[in-house]
Amino acid sequence: MALPAGPRSLVRRLMAASLAGSMAACSTPPPAPVTPARKDDFLKSNIDVSINPGDDFFEYANCAWLKAHPIPDSEPAWGIGNVVQDELYKNLRAINEDAVTRGTEVFSTDRASLGTEVADQQKIGDFWSEAMDEAKVDRNGLTPLQAELDRIDAITTVQGIIDAAFALRPLGVGAFFDVDIAQDEKKSDEMAVHLTQGGLGLPDRDYYFNAEAGVAKTRAEYVAHIARMLTLIRRADGADKAATAVMTFETTLAAASRKLEDLRDPEKNYNKMAPAALTSGHTPSIAWQARLASFDLKPAALIVGQPEFFTALDKALRTTPVPVLQDYLRYHLVSTYASFLSKAIDDENFSFYRGVLLGQKEQRPRWKRALDAEEAAMGMVLGRIFVKAYFPEAAKKRYSDLVEAIRSTYAERIARLDWMSDATKARAQAKLAAMTKKVGYPDTWKDYSALVIGRDSYCRNMMNAARWKFDDARAKFGKPVDRSEWDMSPQTYNAYYNPSNNEIVLPAAIFTIPGVTDAEVDDAVVYGYAGASTIGHEMTHGFDDEGRQFDVHGNLTDWWTKADAASFQKRANVMVGQFDAYEPLPALHINGKASLGENIADYGGVLLGLEAFKKTEQYKKGESVGGFTPVQRYFLGYALGWQFHQREARLRQSLLSDVHSPAKWRVLGPLANVPEFYEAFGVKPGQPMYRTPETHVRIW
Ligand SMILES: [Zn+2]
């Protein structure tokens, strides 16, 4: 349920939360005289030549594809990432079925003595068998959670509530707040305990307050859903009243939570204090030192993201009746594991989290959901097998080289900037040169030997995986930072920049274009699709409004001159204004401040990819392919990465809770600031995408 987001994770394409498309896409404005593509060009089937690119380049580039690929009933959205994912699903299913077949031959012997490869096969085979046995899952009902539910039933005091919340933490139940072991933002060589706001069942604090009609309706549906869920876990009576009380409690937490845009200021969300000081100053009910010691964590200091949230949490715990807090814990526990419990509970969870919140009409096929759960539980175990079969060395080399092409172009652009001083430039260059690249898959694979996956139950396997993850994080505390780790598996269609390591991480799957082999894709498209929207995008994150506050060593420290920082801010504010004005749904605008870092990264990526592309043979030759010039193909390649449409509920969720702009505006927004785009497609004053040159964003 919880996405691995947070202030430290600057993720590009979160499949579950960030991709977005156009609600009003594929309308039919007057035809434009653009040279049609040749039949043999793989871009042709995407393009709608009846749309003028200067009116809406997203629709022009993608509409024919979107019309031909409606959103399936079992999905909240559909796009290029889903097509790539579908291919991955097939491959991963084969890996799983193979593991089951081989398992019956090998695993009857002593499991403890198995080698890594065989042990991996055992985990995969057993996980798959349990996940796919729907009848057994249904028969088990709530049994896997019974001990935890009994513990909650027995509570009589607020301290008992806090005991239970800490006991549920290793199971991944995010009651009341979030805790994480991660690098200290100001000492990237050390791991620190981070405490942040949390504890909400809706995707973001704004869901509790926004007056827009769709959001208001969602709130009412949420209360009804909590009531039904409490009934399903056999709460005797009064479920409606109980659900309303849980909602009131969550609304108190939401009121004390910072807004999405306010979570993006790393200084303000870094408050270091001793555990005893957090207790005495903010949360008299929670003795942090003793509580954390029960997890074997004895930090001298904690990094508290939002101290005022913890003050409000403590007050809410003291003033809310214990039975309400019990219902809150019951609901969050069952909600966390609902997908692995009986059909009735699974269906109820679906009806709210996928139906109401995302607009999905029916459940996805069980085997795909099983693969998602397996990915969450042990993605790297699958990845190790996956890359052997599906990511050739030649592809790894092509994209490693592309990273270097983008990096050297960025260095040239920084050197040319007329608004940055030489002193800041020198430090920016040092940071860029030192940026680590991780391409395809990890050099060393994580050790999963302590993870127990067996034939007890699907839910038990997921609980074991949560405990393993918690123990893995906990064990990092007090040890040297392992900078070789990956936070995404190679089969993930996504990428990220991690400021604490000053690194870009590019999983193998992100480079895939469906229907063509890597060798068939021309450089123009590769530089737009992978060079701009992935590699350039992630690299620019190191210098966006948030990333620029971290230095070459990954430490949060101000390395900019005052004047340079002011110039950057002034230029960035132009982009805030540009995106604030976009209104994807009536009364719901894009949040220009919350999405600023992503928008800067998209814009920077487009500039870097284009300039790097200009050094290639294809650009220099200037020959048209499929009726498009090299530069036109570059921009089409960029738009290809955002070929995606989604249901209204899903778009609403992304506008309220995601720092990424919806996909359509990730095309329209950055390109409207790029003169070469105007030139390539003849964009003229009066067209919707046209912005006068003096209003263009100019950062990189
Ligand atoms: Zn990003």
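Atoms within a ligand are numbered from 1 in the order they appear, just like the ligands themselves.
- Under 2.8 Å from the Zn ion (ligand 1) lies no N/O/S atom of D602, from backbone or side chain alike.
- Backbone or side-chain N, O or S atoms of H541 reach the Zn ion (ligand 1) at under 2.8 Å.
- Outside the 6.0 Å centre-distance limit, the rings of H537 and Y638 are not counted as a close aromatic pair.
- Taking the side chain to side chain contact (heavy atoms under 4.5 Å, CB included) definition, one finds that K268 meets it with R258, D265, sequence neighbours left out.
- Rounded to 10°, the angle formed at the Zn ion (ligand 1) by OE1 of E598 and NE2 of H537 is 90°.
- A 4.5 Å side-chain heavy-atom check between R264 and D545 finds at least one atom pair inside the cut-off.
- Annotation: side-chain hydrogen bond (donor to acceptor under 3.5 Å, both in side chains) contacts of E375 (sequence neighbours excluded): S489, Q491.
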